[in-house]
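Note sheet for the following structure.
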Number of protein chains: 2
Amino acid sequence: MAAQSGTVERILDTAEVLFAQKGFAETSLRAITSKAGVNLAAVNYHFGSKEALIQAIFERFLAPFCTELGERITQMVDDGEPVDLERLLRLISRTALGAHGSDPQRLALFFRLCGLAYTQAQGHLRRFIRERYGDVFNRFLAMLASAAPDVPPMELFWRVHFGLGATVFAMSSMDSLRAICKSDFDADLSAADVTQRLLPFIVGGIRA
Amino acid sequence: MAAQSGTVERILDTAEVLFAQKGFAETSLRAITSKAGVNLAAVNYHFGSKEALIQAIFERFLAPFCTELGERITQMVDDGEPVDLERLLRLISRTALGAHGSDPQRLALFFRLCGLAYTQAQGHLRRFIRERYGDVFNRFLAMLASAAPDVPPMELFWRVHFGLGATVFAMSSMDSLRAICKSDFDADLSAADVTQRLLPFIVGGIRA
DNA sequence: ATATGTTTCAAACGTATGTTTGGGCGGACG
DNA sequence: CGTCCGCCCAAACATACGTTTGAAACATAT
């Protein structure tokens with residue numbers, strides 16, 4: 001339970017960066033531990049396995065985000081304000097940022113990991129996330145539904161996931177896209193700039 | 001050069017399915033060759049390496065698609081018809097379908113591979129595709145620009161990639177999303193149904 | 001029928017991986 | 001002081017991987 005000398009944190013910090021850069025299977029425990037400056041056996045000692053390490057990384061990201069999102073949603077419901085599509089999306093985006101020290105770089109990293117989780121190795125991670133945090137996500141979806149009453153529920157379901165896909169993909173290939181953008185348009189956009197462009201796209205898509 | 005007994009095709013057919021299911025790094029040559037019913041050494045004999053096999057798979061997909069797309073674009077330009085955003089997107093979707101025997105299943109598989117190519121192992125594949133088929137893609141982008149003259153070029157660049165992301169993601173997780181949709185809404189959508197829902201979303205997003 | 005070039009095969013090679021082991025260090029507590 | 005327990009370490013382990021090899025099987029053409 002204890003984290004006396006910070007070994008656990010150092011592993012998590014290093015691993016999430018390396019995983020985001022190269023993928024899960026392509027990143028070896030040796031690469032992680034050597035870059036983190038800890039012993040190879042530390043991962044298996046503290047986490048049990050490589051799979052468990054991956055889940056721990058997602059846990060560290062999702063736990064604060066989901067609790068905070070849950071609170072904000074209940075508060076929004078209690079207030080009884082009329083829910084607005086654009087506000088809702090900004091809410092989730094602000095929550096995602098706020099839950100991790102307002103570091104856009106780290107948020108992009110997280111979405112990149114999500115992208116990997118969705119595309120790679122269909123199995124354990126999807127189950128893990130859905131089991132653990134499915135409730136909050138469903139509540140948010142319900143809010144969305146009441147915010148776009150003119151869109152039929154099933155239609156909304158698909159459009160939300162299309163938007164999620166656009167987000168995940170944009171974050172995943174953020175770096176290369178920004179490089180292309182710079183060479184083609186001579187514009188050096190930040191991660192926050194990209195997010196700002198992403199939101200209207202999603203809103204436009206959901207409204208059809 | 002010859003493909004006498006269909007070994008090459010059998011490898012390609014099997015490999016593209018397995019890669020799409022589990023990713024590139026997670027699929028071993030032994031899994032491919034044993035399922036394809038050919039000898040392990042066949043891949044290295046016919047393709048040279050695992051990397052070259054992956055590129056060959058994309059080549060087989062992209063070559064017919066890009067030549068046909070190129071033809072249709074020049075024809076469209078020659079005709080001098082006014083280009084329309086929705087028509088353009090339908091054109092590329094129809095071309096993608098037409099280039100592979102009108103099999104939606106196979107098209108979804110291809111997009112899933114594209115998703116993997118974008119997220120996984122940043123390196124060789126992106127270069128390979130960009131080098132080989134960048135021209136056609138750029139011509140299509142130029143058409144898009146003239147079809148949406150009210151959207152600034154850089155804005156359009158990002159929105160196109162957001163749309164690409166939505167597409168790739170939708171195709172990548174097509175199966176699981178369809179399963180969720182069936183259990184939540186009791187609606188058994190086909191891959192074509194999903195595509196039909198995807199297009200308006202992208203159009204709406206690009207138009208903002 | 002013989003020779004030639006191509007394709008297939010079983011087996012092995014070298015390497016990298018995730019995981020396990022057993023010992024050693026150091027603070028906590030009786 | 002001695003014992004215990006959590007943590008760290010170098011080393012080894014077993015396995016899976018991509019690739020290579022050399023010979024056998026095959027087709028083709030002279």
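Letters A, B, ... are given to chains in the order of the sequence lines, protein chains preceding strands, and every chain is numbered from 1.
Atom CZ in F47(B) sits about 17 Å away from atom P in dT6(C), given to the nearest Å.
In this structure a side-chain-to-backbone donor-acceptor pair under 3.5 Å is present from R112(B) to A20(B).
Contact check, H46(B) against dT6(C): no side-chain N or O comes under 4.0 Å of OP1 or OP2. Residue T7(A) places at least one side-chain N or O closer than 4.0 Å to OP1 or OP2 of dC8(D).
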Could I get a table of every N or O pair under 3.5 Å where one atom is in the protein and the other is in nucleotides 17-20 of chain D?
residue : atom : partner : partner atom : Å
dC17(D) : OP1  : S28(B)  : OG           : 3.3
dG18(D) : OP1  : K50(B)  : NZ           : 2.7
dG18(D) : OP2  : L29(B)  : N            : 2.8
dG18(D) : N7   : R30(B)  : NH1          : 2.7
dG18(D) : O6   : R30(B)  : NH2          : 2.8
dT19(D) : OP2  : N44(B)  : OD1          : 3.2
dT19(D) : OP2  : K50(B)  : N            : 3.0
dT19(D) : O5'  : N44(B)  : OD1          : 3.4

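More than 12 heavy-atom neighbours from other residues, nucleotides or ligands sit within 6.0 angstrom of CG on D184(B). The neighbour count for D78(A) CG, taken as heavy atoms of other residues, nucleotides or ligands under 6.0 Å away, is above 12.
Relative to the ring axis of F110(B), R60(B) does not place its NZ or CZ within 45° and under 6.0 Å from the centre.
Salt-bridge annotation for D79(A) and R72(A): absent, with no side-chain N of the basic residue lying under 4.0 Å from a carboxylate O of the acidic one.
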